[in-house]
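Here's the structure we're looking at; comments come further down.
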Amino acid sequence: MNPKQQITLRAPDDWHIHLRDGAALARTVGDAARQFRRAIIMPNLVPPVVNAEDALAYKTRIQAEVPAGLQFTPLMVIYLTDNTTPEMVREAQAAGVVAAKLYPAGATTNSDSGVTDINNIYPALEAMQTCGMKLLLHGEVTTSDIDIFDRERIFIEQILGRVVEDFPTLKVVLEHITTAHAAEFVGQAREGVAATITAHHLLYNRNHMLVGGIRPHYYCLPILKRGYHQNALIEAATSGSPKFFLGTDSAPHAQGKKETACGCAGCYTAFSAIELYAEAFERAGKLEKLEGFASEFGPDFYELPRNTDTITLVREPWTLPSGLQMGNESLIPLAAGETLNWRLA
Ligand SMILES: NC(=O)N[C@@H](CC(=O)O)C(=O)O
Ligand SMILES: [Zn+2]
Ligand SMILES: [Zn+2]
């Protein structure tokens, strides 16, 4: 039987993306808006987006960069710090902010202002639970004695389990999961606990990053794990469970900040996101599960309407550019120069 030549999906959304600010926005917003109708915008700017006012101002800067003729709605998030008050949460919620993000201090790019002890945000979490604001987590512990490959598992054991129990009706998304432990935890957690999965964690494992030379463009946090974990993520994403949905974690770092002695963490996937996911789902023989993951389970979790228009992917092999322009810097997309089977029509 011939493989499918084209697939039509309900239009997808991205439930975790980094757009940055200033000159980067023309690139990042344009790419995101060509791929998705809505996106959850990460607040890890420098300084971070910590309250309603910051979020609304940032939203306006993003909207100004949406290319003419495209529909794109940024869904805003505030960044939790040790000083986030219940009042700030309520104000943000009233201003249309949909979620607050927990970055353990020091866990990842631009997390210096993050939370130093989960107990510091218990009053904020209480307010979030009451007003229905979602909690998004970068789920890694940061203590220096914990191995980088174990940081997600230990975070789940030490912190996430407790938060999910202490706030039984708080809606929680464990972002960009990378391990079998995370997939299992979320799969069997109470209602209202979900996870996003990136395209790169479905397509790659740590061998891709480290065998035959070190490839900085595959370096992101949480770091790629072994193939066993990659397989568990593929299993979760293609299972049809509404607890797992699309979040690219696309994060632009200029070429010079990646290809250097101490390179930044983050992969730029916004340019070809849905095509990368289609590749991963096809390899798993589960293309028919892509629509739920990309276009249905996310809005359902966030209690937003599903998009009503569609996109079409055609089987038309194409080669990703070797580089992109971001302001006056060069940006290397993930899988630069590689060929993808599916192309967004
Ligand atoms: N994923 C990454 O490696 N980097 C993200 C931050 C994050 O999501 O942890 C970034 O902002 O660059
Ligand atoms: Zn993160
Ligand atoms: Zn991220």
Side-chain angles (χ1 to χ4, degrees), residues 13-22 24-25 27-28 31-32 36 39-49 58 62 74-80 99-115 134-142 148-149 151-152 155-156 159-160 172-179 182 194-204 206 208-209 215-225 233 245-260 262-270 273 276 298 326 329 331-334:
D13 306 298
D14 186 350
W15 302 95
H16 179 135
I17 193 169
H18 302 267
L19 300 176
R20 310 289 192 235
D21 211 346
L25 287 179
R27 167 92 262 154
T28 59
D31 287 342
F36 300 106
I40 288 276
I41 313 300
M42 288 296 132
N44 62 332
L45 304 180
V46 186
V49 174
Y58 186 31
I62 293 166
L75 301 169
M76 306 311 291
V77 177
I78 56 167
Y79 182 118
L80 293 164
K101 177 75 185 262
L102 167 61
Y103 290 100
T108 187
T109 303
N110 303 341
S111 62
D112 294 349
S113 314
V115 173
K134 279 77 185 161
L135 172 67
L136 316 183
L137 309 107
H138 181 108
E140 289 193 288
V141 294
T142 57
I148 188 168
F149 291 99
R151 289 177 171 202
E152 183 174 275
F155 181 89
I156 292 166
I159 298 175
L160 185 57
V172 176
V173 186
L174 183 57
E175 299 288 345
H176 49 40
I177 61 170
T178 63
T179 59
T196 54
I197 306 181
T198 76
H200 43 287
H201 289 98
L202 294 174
L203 288 168
Y204 306 116
R206 64 195 197 182
H208 295 96
M209 178 174 59
R215 290 161 215 270
H217 297 291
Y218 291 76
Y219 176 63
C220 66
L221 290 171
I223 197 161
L224 292 171
K225 308 296 193 298
L233 300 175
F245 46 83
L246 187 157
T248 62
D249 193 22
S250 180
H253 293 275
Q255 182 175 16
K257 298 242 166 71
K258 294 289 291 176
E259 299 173 9
T260 180
C262 184
C264 291
C267 301
Y268 193 69
T269 49
L276 290 165
M326 177 172 66
E329 297 182 294
L331 176 65
I332 309 296
L334 190 75

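Numbers here simply count residues along the sequence, with the first being 1. Whatever order the structure lists them in is the order used to number ligands and atoms, beginning at 1.
One of the N, O or S atoms belonging to Asp249 lies under 2.8 Å away from the Zn ion (ligand 3). At a cut-off of 2.8 Å, His138 does not coordinate the Zn ion (ligand 3) through any N, O or S atom. At a cut-off of 2.8 Å, His176 does not coordinate the Zn ion (ligand 3) through any N, O or S atom.
Checking Asn110 against Tyr79 by side-chain atom types alone, no donor-acceptor pair falls below 3.5 Å.
His176 and His138 have perpendicular rings, their planes meeting at more than 60° on a 0 to 90° scale where under 30° would count as parallel.
Residue contacts with ligand 1: Ala265 is placed with a nitrogen or oxygen under 3.5 Å of a nitrogen or oxygen of the ligand (distance criterion only). For the pair Cys220 and ligand 1, the shortest N or O to N or O distance does not fall below 3.5 Å.
For the pair Val173 and His16, the minimum side-chain heavy-atom distance is 4.5 Å or more. Asp112 has its side chain out of reach of Val46: every pair of non-hydrogen atoms, C-beta onward, lies at least 4.5 Å apart. Between Pro43 and Tyr58, every side-chain heavy-atom pair lies at or beyond the 4.5 Å cut-off. The side-chain heavy atoms of Ile17 and Phe36, taken from C-beta on, include no pair separated by under 4.5 Å. In this structure, the side chains of Ile40 and Thr196 stay at 4.5 Å or more apart for every pair of heavy atoms. The side-chain heavy atoms of Arg27 and Tyr268, taken from C-beta on, include a pair separated by under 4.5 Å. Residues His200 and Cys220 are in side-chain contact: their nearest non-hydrogen atoms beyond the backbone lie under 4.5 Å apart.
In this structure, Lys101 has no heavy atom closer than 4.0 Å to ligand 1. Residue contacts with ligand 1: His253 is included, with a non-hydrogen atom under 4.0 Å away. Put simply, part of Asn44 is less than 4.0 Å from ligand 1, judged by heavy atoms.
In terms of protein heavy-atom proximity, atom 9 (O) of ligand 1 is closest to Thr108 OG1, 2.6 Å. Counting only heavy atoms of the protein, atom 5 (C) of ligand 1 lies nearest to His18 NE2, 3.6 Å. The protein heavy atom nearest to atom 1 (N) of ligand 1 is Asp249 OD2, 2.7 Å. Shortest contact from atom 3 (O) of ligand 1 to any protein heavy atom: Leu221 N, 2.8 Å.
Counting heavy atoms under 4.0 Å from ligand 1, residue Lys257 does not touch it at all.
Atom NE2 is the N/O/S atom of His18 found closest to the Zn ion (ligand 3).
Near His16, meaning under 4.0 Å from one of its heavy atoms, ligand 1 places the atoms 8 (O). Taking every non-hydrogen atom of His176 and a distance limit under 4.0 Å, the qualifying atoms of ligand 1 come out as 8 (O), 9 (O). The contact set between ligand 1 and Thr109, taken as ligand atoms under 4.0 Å from a residue heavy atom, comprises 4 (N), 10 (C), 11 (O), 12 (O).
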*Lys225/Thr178 under side chain to side chain donor-acceptor pair (under 3.5 Å): CA gap, chis, key distance, verdict*: CA-CA 7 Å; Lys225 308 296 193 298; Thr178 63; 2.8 Å; yes

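Both the sub-6.0 Å distance and the 45° axial angle are satisfied by Arg206 relative to the ring of Phe149.
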